[in-house]
Peer 1: 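Okay, here's the structure, questions in a sec.
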Amino acid sequence: MIDVVIAGAGPNGLMLACELALAGVRPLVLERLPEPTTEQRANGLVGQVIRMLDRRGLYERLAGTPGPPRPAPGFTFAAFPLDLHDLPDNPLYTMLVPQRRIEQMLTERAAELGVTIHRGHEVLGLTQNERSVTVEVAGMAPIEAAYLVGADGGHSVVRKFAGIAFPGVTKDDTVSRTAHVSVPASMVDAHGALHVPGFGVLPPFLHTRTEQGLIAWAPMPGRAPLVSVGERHRPGDDVGDGETSIAELRAAAGRVLGADLPLDAPDGPGPHLLRRAVGGNTRLASAYRAGRVLLVGDAAHVHSAIGGPGLNLGLQDAINLGWKLAAEVLGHAPVGLLDTYESERRPVGRRVTMHTRAQSVLIGPGGEVTALRELVGELLALPQGRRHIAELISGADIRYDTPGAEGPHVGRWAPDVPGLRELTRSARPLLLDPTGRLDVGPWAGRVDVAAAPGLPAALLLRPDCYVAWEGTTGDGLPEAMATWFGKP
């Protein structure tokens with residue numbers, strides 16, 4: 001019997017496979033597509049997941065440069081520029097990297113860890129009992145596994161076969177058009193901003209909102225620049241999801257800007273994006289688990305892509321689930337540990353759907369929205385307002401419920417201390433002990449210990465780098481280890 005079958009070899013499925021492999025479980029990954037897609041999807045990463053990738057030793061492989069990531073001096077929220085350069089301990093990190101490169105890197109890492117990936121095999125059905133789940137797969141004999149994880153996207157067949165509802169809201173009153181383009185070089189300044197005669201400046205990598213719609217200009221390094229235009233669905237329009245054209249995009253940009261933006265087909269080899277999308281969905285799975293079937297990423301939640309929160313949310317799902325599912329498979333999980341995956345991650349999914357819906361309102365056309373934006377702009381001018389939004393977007397505001405443990409770091413992501421990047425690459429529980437006197441006793445085979453002279457108190461870290469216990473003596477430490485890592 002296979003320990004874990006993962007349906008979907010996108011970033012979330014691959015990240016989960018790597019986490020399971022680090023914990024000593026060898027999953028089997030099934031992917032419907034016979035080859036990795038060349039379709040243009042996400043253009044980068046935003047949030048805490050960048051720092052988490054660094055703690056797994058994967059950030060430098062994506063960045064191509066040595067050293068840890070640095071916080072972003074600015075970002076955007078609902079087409080407001082978000083100045084972060086003056087925030088102490090700025091929590092927001094960003095990274096420009098195409099999704100296909102993320103998938104390529106995670107595929108390479110999974111292969112290094114001995115993970116098997118079968119492409120061209122679609123899940124056709126499943127049945128489960130108290131002991132296992134049997135997966136029906138196209139082109140293969142049925143597979144019996146201890147657990148099945150659906151990482152197969154917003155249209156997840158695993159979610160449907162498991163009978164998990166996917167309630168939410170579908171709206172069809174917007175249309176967005178996005179394409180790789182070329183523009184006259186004279187319109188782009190040395191900082192990458194686009195100067196549009198008759199309108200003004202479109203800053204790079206930020207949304208610009210007018211009372212007619214939304215436009216974004218993204219001069220991608222080493223690739224053709226992207227232009228994206230969003231409008232309300234106009235009466236009489238007869239359009240649907242599919243391929244747009246440069247002429248159609250140019251006309252939409254003209255309506256939003258009130259000025260002509262000369263766009264042409266992009267230079268260089270493709271594939272080049274020409275995409276039109278009508279409406280959108282905001283949905284959150286009613287449960288993240290049904291027996292021996294679990295969901296991660298878009299299989300559990302879909303929302304607007306504004307602000308780029310999707311990969312931060314999905315990859316963090318995978319990292320949260322990986323060590324818990326591995327403990328269950330290996331037989332040392334405390335009672336209820338696997339259920340904390342849903343109790344911890346579903347509220348985070350709900351929070352992301354909340355702020356993306358709020359942003360969708362704030363970028364809408366019309367004078368009433370303009371008045372609302374004036375008020376929100378006043379709040380974002382305050383340092384505490386900008387910090388609140390930066391923590392919301394990055395996920396740095398997450399605090400998991402940790403009964404029986406107290407301290408300012410408990411339930412939160414572990415602070416950076418010297419050497420932590422290297423210590424957390426094994427994905428094992430870790431006790432950071434500045435006193436040199438603490439002992440993990442019979443958990444020594446399961447919990448690593450490291451000196452941390454700069455810390456005012458010892459911290460017990462879960463494999464996902466969240467703090468499970470904090471203290472200056474050993475009081476409560478054995479109980480915390482039993483709670484999260486099982487009996488010794």
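Worth knowing before you read on, the calculation uses all heavy atoms, side chains too, and leaves out hydrogens, waters and symmetry mates.
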Peer 1: Can you give me the closest heavy-atom contact between Ala290 and Gln128, atom names plus distance?
Peer 2: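 Ala290 and Gln128 have their closest heavy atoms at O-NE2, 3.0 Å.
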Peer 1: Do you know which two heavy atoms are closest between Pro167 and Ser286, and how far apart they sit?
Peer 2: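 In terms of heavy atoms, the two residues are closest at CD-N, 4.0 Å.
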Peer 1: Would you check if the side chain of Ser360 reaches a backbone N or O of Thr356 as a donor-acceptor pair within less than 3.5 Å?
Peer 2: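 Judged by distance alone, yes, a pair lies under 3.5 Å.
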Peer 1: Under the rule for salt bridge (Lys or Arg N to Asp or Glu O under 4.0 Å), what residues qualify as partners of Glu60, not counting sequence neighbours?
Peer 2: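 For Glu60 the salt bridge (Lys or Arg N to Asp or Glu O under 4.0 Å) partners, ignoring immediate neighbours, are Arg421.
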Peer 1: To the nearest 0.5 Å, how far apart are CD1 in Ile117 and CG in Leu28?
Peer 2: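 Spacing of CD1 (Ile117) from CG (Leu28) equals 9.5 Å.
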Peer 1: Nearest 0.5 Å, please: how far is CG in Leu16 from CD1 in Ile319?
Peer 2: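 It is 10.0 Å, given to the nearest 0.5 Å.
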Peer 1: Nearest 0.5 angstrom please: Asp317 CG to Asp464 CG, how far?
Peer 2: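 Nearest 0.5 Å value for the CG-CG distance: 11.5 Å.
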Peer 1: Taking atom types as modelled and ignoring hydrogens, do the side chains of Glu144 and Thr134 form a donor-acceptor contact shorter than 3.5 angstrom?
Peer 2: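 Distance-only check fails for Glu144 and Thr134.
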Peer 1: To the nearest 0.5 Å, how far apart are CZ in Arg283 and NE2 in His303?
Peer 2: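 NE2 of His303 is found 13.5 Å from CZ of Arg283.
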Peer 1: Could you report the tightest heavy-atom contact between Leu380 and Gly385, atom names first, then the distance?
Peer 2: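 Answer, listing the atom of Leu380 first, then Gly385: CD2-O, 4.1 Å.
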Peer 1: For Tyr288, give me all partners under ring-ring contact (aromatic ring centres under 6.0 Å, His included), at least two apart in sequence or on another chain.
Peer 2: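 If we apply the ring-ring contact (aromatic ring centres under 6.0 Å, His included) test to Tyr288, skipping adjacent residues, the hits are Tyr341.
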Peer 1: Does the Lys NZ or Arg CZ of Arg446 fall within the cation-pi geometry relative to Phe485 - under 6.0 Å from the ring centre and within 45° of the axis?
Peer 2: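 Because its charged atom misses either the 6.0 Å distance or the 45° angle limit, Arg446 does not stack over Phe485.
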Peer 1: Distance under 6.0 Å and angle within 45° of the ring axis: does Arg159 meet both against Phe166?
Peer 2: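 Because its charged atom sits under 6.0 Å from the ring centre and within 45° of the axis, Arg159 does stack over Phe166.
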Peer 1: Check for a donor-acceptor pair, side chain of Arg425 on one end and backbone N or O of Arg55 on the other, with a separation under 3.5 Å.
Peer 2: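 Looks like no, no N/O pair under 3.5 Å.
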Peer 1: Please enumerate all residues that pass salt bridge (Lys or Arg N to Asp or Glu O under 4.0 Å) together with Glu406, with sequence neighbours excluded.
Peer 2: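 Testing Glu406 for salt bridge (Lys or Arg N to Asp or Glu O under 4.0 Å), a comparison that skips the adjacent residues, returns none.
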Peer 1: For the atom pair OG1 (Thr402) and CH2 (Trp469), what is the distance rounded to the nearest 0.5 Å?
Peer 2: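 It comes to 13.5 Å.
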Peer 1: Short question: side chain of Arg292, backbone of Glu130 - any donor-acceptor pair under 3.5 Å?
Peer 2: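 Here the side-chain-to-backbone pair exists.
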Peer 1: When you compare the side chains of Glu344 and Asn320, does any donor N or O come within less than 3.5 Å of an acceptor on the partner?
Peer 2: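 Glu344 vs Asn320: donor-acceptor pair found between side chains.
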Peer 1: Taking it one step at a time, do Ser394 and Gln48 satisfy side-chain hydrogen bond (donor to acceptor under 3.5 Å, both in side chains)?
Peer 2: CA-CA 5 Å; Ser394 68; Gln48 286 285 92; 4.8 Å; no
Peer 1: Are any non-hydrogen side-chain atoms of Arg346 and Arg350 less than 4.5 angstrom apart?
Peer 2: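 The answer is no, as the side chains (C-beta and beyond) never meet within the 4.5 Å cut-off.
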Peer 1: Donor-acceptor pairs under 3.5 Å, side chain of residues 333-340 to any protein atom, not counting sequence neighbours: which ones?
Peer 2:
residue, atom, partner, partner atom, Å
Asp339, OD1, Arg289, NH1, 2.8
Thr340, OG1, Lys324, NZ, 2.9
Thr340, OG1, Leu337, O, 2.5

Peer 1: Who passes side chain to side chain contact (heavy atoms under 4.5 Å, CB included) against Leu206, sequence neighbours left out?
Peer 2: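 Residues passing side chain to side chain contact (heavy atoms under 4.5 Å, CB included) with Leu206: Thr76, Pro203.
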Peer 1: Can you tell me how far apart CG (Asp397) and CZ (Arg387) are? Round to the nearest 0.5 Å.
Peer 2: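 Answer for the CG-CZ pair, Asp397 versus Arg387, is 11.0 Å.
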Peer 1: So does Arg100 pair up with Glu103, basic N to acidic O under 4.0 Å?
Peer 2: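 No.
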Peer 1: So do the side chains of Leu420 and Leu430 get within less than 4.5 Å of each other, counting heavy atoms only?
Peer 2: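 Answer yes - side chains close enough.
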Peer 1: Does any part of the side chain of Thr127, heavy atoms only, come nearer than 4.5 Å to the side chain of Val133, both counted from C-beta?
Peer 2: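 Heavy-atom side-chain distance check fails, nothing below 4.5 Å.
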Peer 1: With a 4.5 Å limit on heavy-atom distance, are the side chains of Leu321 and Glu19 in contact?
Peer 2: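 No, every pair of side-chain atoms sits at 4.5 Å or beyond.
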Peer 1: For a quick test of reading the model, state the closest non-hydrogen atom pair linking Pro27 to Ile6 and the distance between them.
Peer 2: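 Nearest pair, atom of Pro27 first, then Ile6: CB-CD1, 4.0 Å.
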Peer 1: Does the side chain of Val293 reach to within under 4.5 Å of the side chain of Tyr147, using non-hydrogen atoms?
Peer 2: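 No. Closest side-chain heavy atoms not under 4.5 Å.
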Peer 1: Side chains of Val302 and His155: closer than 4.5 Å at any heavy-atom pair?
Peer 2: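 Val302 vs His155: side chains apart.
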Peer 1: Say whether Gln384 and His388, considering side chains only, have a donor N or O and an acceptor N or O under 3.5 Å apart.
Peer 2: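 Judged by distance alone, the side chains do not pair up.
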Peer 1: Can you name the closest pair of heavy atoms from Ala427 and Pro463 and give their distance?
Peer 2: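 That would be O-CB, 3.3 Å.
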Peer 1: For Leu62 versus Met95, what's the shortest heavy-atom pair and its separation?
Peer 2: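 It is CB-CE, 3.2 Å.
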Peer 1: How would you list all residue pairs meeting side-chain hydrogen bond (donor to acceptor under 3.5 Å, both in side chains) that involve residues 24-35, not counting sequence neighbours?
Peer 2: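 Not a single pair qualifies under side-chain hydrogen bond (donor to acceptor under 3.5 Å, both in side chains).
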